[in-house]
Amino acid sequence: MDIRRRLPKQSHSLPTSGASPLKASDALPLPLYLTNGVFFTLFFSLAYFLLHRWRDKIRNSIPLHVLTLSELAALLSLIASFIYLLGFFGIDFVQSFIAKSDNDDEIQEDRNVQRSMPTSIVIKPKTMEISVDEIQEELVNRVVSGAVPSYSLESMLGDCFQAAKIRREALQRQTGRSMDGLPMEGFDYDSILGQCCEMPVGYVQIPVGIAGPLLLNAREFSVPMATTEGCLVASTNRGCKAIYASGGATCVLLRDGMTRAPVVRFSSAKRATELKFFLEDPVNFDTLSLVFNKSSRFARLQGIKCAIAGKNLYIRFRCSTGDAMGMNMVSKGVQNVLDYLQSDFPDMDVIGISGNFCSDKKPAAVNWIEGRGKSVVCEAVISGDVVTKVLKTTVADLVELNMLKNLTGSAIAGALGGFNAHAANIVSAIFIATGQDPAQNIESSHCITMMEPINDGKDLHISVTMPSIEVGTVGGGTQLASQSACLNLLGCKGASKETPGSNSQLLATVVAGSVLAGELSLMSAIAAGQLVKSHMKYNRSNRDITKVDS
């Protein structure tokens with residue numbers, strides 16, 4: 001198919017887009033290149049000399065403005081060489097910029113001509129909006145044959161949606177299976193590029209329900225929960241109702257610190273212990289903090305805890321991370337410290353930036369005991385009338401069930417942080433709705449639920465203690481439109497400018513308050529014998545699956 005293109009217009013003053021732009025240096029004689037080399041060498045040598053002299057002055061408490069004759073000469077020569085280099089190479093930069101501007105004008109005029117052409121093929125340079133099937137078919141065939149890597153489509157086309165569309169079609173041909181039930185349209189694929197998901201072919205729809213209002217710390221929250229489990233939102237909502245009717249719940253933040261624990265190895269256990277004692281010595285903490293904190297405006301080292309296994313040392317760093325969940329932030333700080341330690345411990349062999357003493361996305365006693373992320377405790381007093389009328393059970397039955405199920409039963413099972421009824425249910429639902437890392441539900445769901453009678457057995461005191469809720473309100477999936485809307489609903493979207501870290505801490509308290517509501521409702525349903533009945537009524541589909549399209 002013939003696609004006519006306009007010939008580029010001629011320019012007598014500047015080179016055309018097809019020619020290489022002339023530089024000022026192209027017209028200079030060879031000796032001037034040697035002169036440039038001399039000035040380059042002079043500039044960096046003088047800078048190196050002055051930095052070393054100023055470092056010595058700082059160490060010896062000598063004022064920086066007190067200059068010796070050699071330092072004064074070096075400073076003047078440094079300024080002179082900088083002016084020369086700036087003036088010379090600035091000419092090249094200006095001419096290159098002018099040439100680029102001219103090229104941009106040429107391209108824009110070409111686009112205007114394309115838009116006015118009466119042709120059936122329209123290719124927009126940025127979005128690659130293809131209206132001819134032959135071009136898309138060729139790309140699909142090349143992906144199927146392996147000539148074009150599937151992961152390179154975004155960079156090749158410059159359009160994330162078209163890349164996902166072609167990848168999806170290629171996948172269907174390679175597997176011989178249809179993906180018609182997986183939605184494709186209506187998603188911003190640009191928003192996930194390079195940060196959330198690679199090689200997308202669509203997106204999964206998860207319904208979001210609202211539980212609440214949850215009355216927590218004298219504030220009301222409508223809690224978004226993304227789940228496909230029937231009765232979960234309704235049950236949590238009933239718990240919120242009971243808490244609201246009893247005056248609300250109170251939540252307190254105990255700790256806030258993300259961890260990362262690299263593993264390093266020495267030639268002997270004695271040498272490993274020397275580093276352990278050095279890291280845990282309070283005298284060295286300020287220096288290590290200074291090195292660590294350079295990684296971010298918000299990262300602040302809180303403590304270091306070491307563990308020895310033979311000649312291997314596991315170093316658990318804990319730091320605050322502002323409103324971010326903070327895994328990348330703490331990892332950068334740890335890398336800074338390891339680089340710093342290498343000068344005093346050159347025989348240290350860094351095996352891995354993470355040695356699982358952190359411990360991330362795994363059930364671990366260290367998180368249950370020491371905490372990771374946000375450590376919170378949430379409590380409420382539920383009046384006896386509310387227990388009877390709303391929860392349909394009694395205080396005595398709830399206390400007995402909690403002791404035998406959540407405490408004794410979990411102990412018999414050898415549970416690690418699982419002394420609760422279903423904390424993971426609520427944590428997962430809120431995590432998915434607000435763009436958290438779903439895999440961190442493992443340690444974030446560590447929870448011990450306590451119930452005891454008060455006021456002569458008339459009322460119920462209930463609490464949940466959760467030592468490792470790992471959440472953030474910036475970064476990752478929190479910036480996607482749907483997840484950002486859910487965070488906005490809770491009033492903790494993005495980073496807090498007034499008090500950095502307060503938004504993520506608020507989200508952690510909402511998670512704990514929602515878990516409290518979920519625990520209260522589910523335990524009441526079990527105590528009243530309603531669990532199976534409610535699930536059979538509300539959690540089973542009445543649709544005839546023989547009539548549902550496969």
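The shown structure was predicted, so the numbers you read here are calculated from the model rather than taken from an experiment. Excluded from the calculations below are hydrogen atoms, water molecules and symmetry mates; all remaining heavy atoms, backbone and side chain alike, are included.
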Requested in this report: Enumerate the residue pairs fulfilling side chain to side chain donor-acceptor pair (under 3.5 Å) with a member in residues 413-431, sequence neighbours excluded, ordered by first and then second residue.
Outcome: Glu229-Asn425, His422-Asn425, Ser428-Asn441
Query raised in the report: Passes side-chain contact (heavy atoms from CB on, under 4.5 Å), Leu232 versus Thr236? Steps please.
Result: CA-CA 6 Å; Leu232 178 59; Thr236 307; 4.2 Å; yes
Query raised in the report: Looking at CG of Leu487 and CG of Leu490, how far apart are the two atoms once the value is rounded to the nearest 0.5 Å?
Result: 6.5 Å
Query raised in the report: Are any non-hydrogen side-chain atoms of Ile430 and Met225 less than 4.5 angstrom apart?
Result: yes
Query raised in the report: How would you list, by chain and number, every residue that makes a side-chain contact (heavy atoms from CB on, under 4.5 Å) with Lys362, sequence neighbours excluded?
Result: Asn356, Ser359
Query raised in the report: Would you say the side chain of Leu407 lies within less than 4.5 Å of the side chain of Ile448, judging by non-hydrogen atoms?
Result: yes
Query raised in the report: Pairs in or reaching into residues 420-446: which pass salt bridge (charged side-chain N to carboxylate O under 4.0 Å, His left out), with residues at least two apart or in two chains?
Result: Lys361-Asp437, Arg372-Glu443
Query raised in the report: From Cys378 SG over to Leu216 CG, what is the distance, rounded to the nearest 0.5 angstrom?
Result: 5.5 Å
Query - Spacing of CD1 belonging to Ile469 relative to CG belonging to Leu507, to within rounding of 0.5 Å - result: 8.5 Å
**Report entry** Side-chain touch Ile166/Leu157, heavy atoms, less than 4.5 angstrom
**Finding:** yes
**Report entry** Results of side-chain contact (heavy atoms from CB on, under 4.5 Å) for Val350 - residues two or more places apart only
**Finding:** Val264, Leu338, Gln342, Met348
Quiz: residues 198-215 side-chain donor-acceptor pairs under 3.5 angstrom, not counting sequence neighbours:
from	atom 1	to	atom 2	distance (Å)
Tyr203	OH	Glu185	O	2.7

Report summary line: Applied to residues 348-376, the ring-ring contact (aromatic ring centres under 6.0 Å, His included) test, sequence neighbours excluded, yields Trp368-His446
Query raised in the report: Considering residues, nucleotides and ligands other than Asn328, do more than 12 of their heavy atoms fall under 6.0 Å from its CG?
Result: no
**Report entry** Side-chain heavy-atom pair Phe161, Asp190 within 4.5 angstrom cut-off
**Finding:** no
Requested in this report: Under the side-chain contact (heavy atoms from CB on, under 4.5 Å) rule, what do Thr478 and Gln436 come out as? Steps first, then yes or no, please.
Outcome: CA-CA 7 Å; Thr478 64; Gln436 311 304 310; 3.8 Å; yes
Query raised in the report: Which residues satisfy the side-chain contact (heavy atoms from CB on, under 4.5 Å) test with Cys196, sequence neighbours excluded?
Result: Ile192, Leu480
Query raised in the report: Got a sec, which residues hit salt bridge (Lys or Arg N to Asp or Glu O under 4.0 Å) with Asp349, two or more places apart in sequence or on another chain?
Result: Arg265
**Report entry** Minimum side-chain heavy-atom gap Glu137-Asn141 below 4.5 Å
**Finding:** yes
Requested in this report: Mind jotting down which residue pairs meet the ring-ring contact (aromatic ring centres under 6.0 Å, His included) criterion with at least one end in residues 303-337? Sequence neighbours excluded, please.
Outcome: none
Query raised in the report: Should Ser484 and Gln479 count as side-chain neighbours, where that means a heavy-atom distance under 4.5 Å?
Result: no
Query raised in the report: Between Glu154 and Tyr189, is any side-chain donor less than 3.5 angstrom from a side-chain acceptor?
Result: no
Requested in this report: Could you tell me the separation between the OG atom of Ser468 and the CG atom of Asp360, rounded to the nearest 0.5 Å?
Outcome: 10.5 Å
Query - Minimum-distance pair of heavy atoms, taken over all atoms of Ala299 and Asn293 - result: O-OD1, 3.2 Å
Query raised in the report: OG/Ser375 to CE/Met466 distance, rounded to the nearest 0.5 angstrom?
Result: 10.5 Å
Query raised in the report: If you measure from the Lys or Arg side-chain nitrogens to the Asp or Glu carboxylate oxygens, is any gap between Arg173 and Glu169 under 4.0 Å?
Result: yes
Query raised in the report: What heavy-atom pair brings Leu193 and Cys160 nearest, and what distance separates the two atoms?
Result: CD2-SG, 3.8 Å
Report summary line: Sequence neighbours excluded, the answer for salt bridge (Lys or Arg N to Asp or Glu O under 4.0 Å) partners of Arg142 is none
Report summary line: By salt bridge (Lys or Arg N to Asp or Glu O under 4.0 Å), Arg318 pairs with (sequence neighbours left out) none
Query raised in the report: Between the side chains of Lys374 and Ser504, is a donor N or O closer than 3.5 angstrom to an acceptor N or O?
Result: yes
Query raised in the report: At their closest point, which heavy atom of Ala324 faces which heavy atom of Met329, and how far apart are they?
Result: CB-CE, 4.1 Å
Requested in this report: Just jot down the salt bridge (Lys or Arg N to Asp or Glu O under 4.0 Å) partners of Arg260, sequence neighbours excluded, or say none.
Outcome: none
Report summary line: Heavy-atom closest pair (Ala242 atom, Leu391 atom, distance to 0.1 Å) is CB-CD2, 4.0 Å
Query raised in the report: Are any non-hydrogen side-chain atoms of Gln302 and Arg255 less than 4.5 angstrom apart?
Result: no
Query - Minimum heavy-atom distance Ser222-Leu489, with the two atoms named - result: O-CD2, 3.5 Å
Requested in this report: Given side-chain contact (heavy atoms from CB on, under 4.5 Å), test Asn406 with Met523 step by step and report yes or no.
Outcome: CA-CA 10 Å; Asn406 289 342; Met523 292 293 287; 3.6 Å; yes
Query raised in the report: Looking at side-chain heavy atoms only, is the closest gap between Leu139 and Met156 below 4.5 Å?
Result: yes
Query raised in the report: Is Lys405 paired with Glu519 through a side-chain N to carboxylate O contact shorter than 4.0 Å?
Result: no
Query - Check against side-chain contact (heavy atoms from CB on, under 4.5 Å), Ile426 and Val515 - result: CA-CA 6 Å; Ile426 291 87; Val515 168; 4.0 Å; yes
Query raised in the report: Say you draw a straight line from CG of Leu506 to SG of Cys492; how long is it, rounded to the nearest 0.5 Å?
Result: 5.0 Å
Query raised in the report: If you look at every heavy atom in Gln162 and Gln136, which pair is closest and at what distance?
Result: OE1-OE1, 4.4 Å
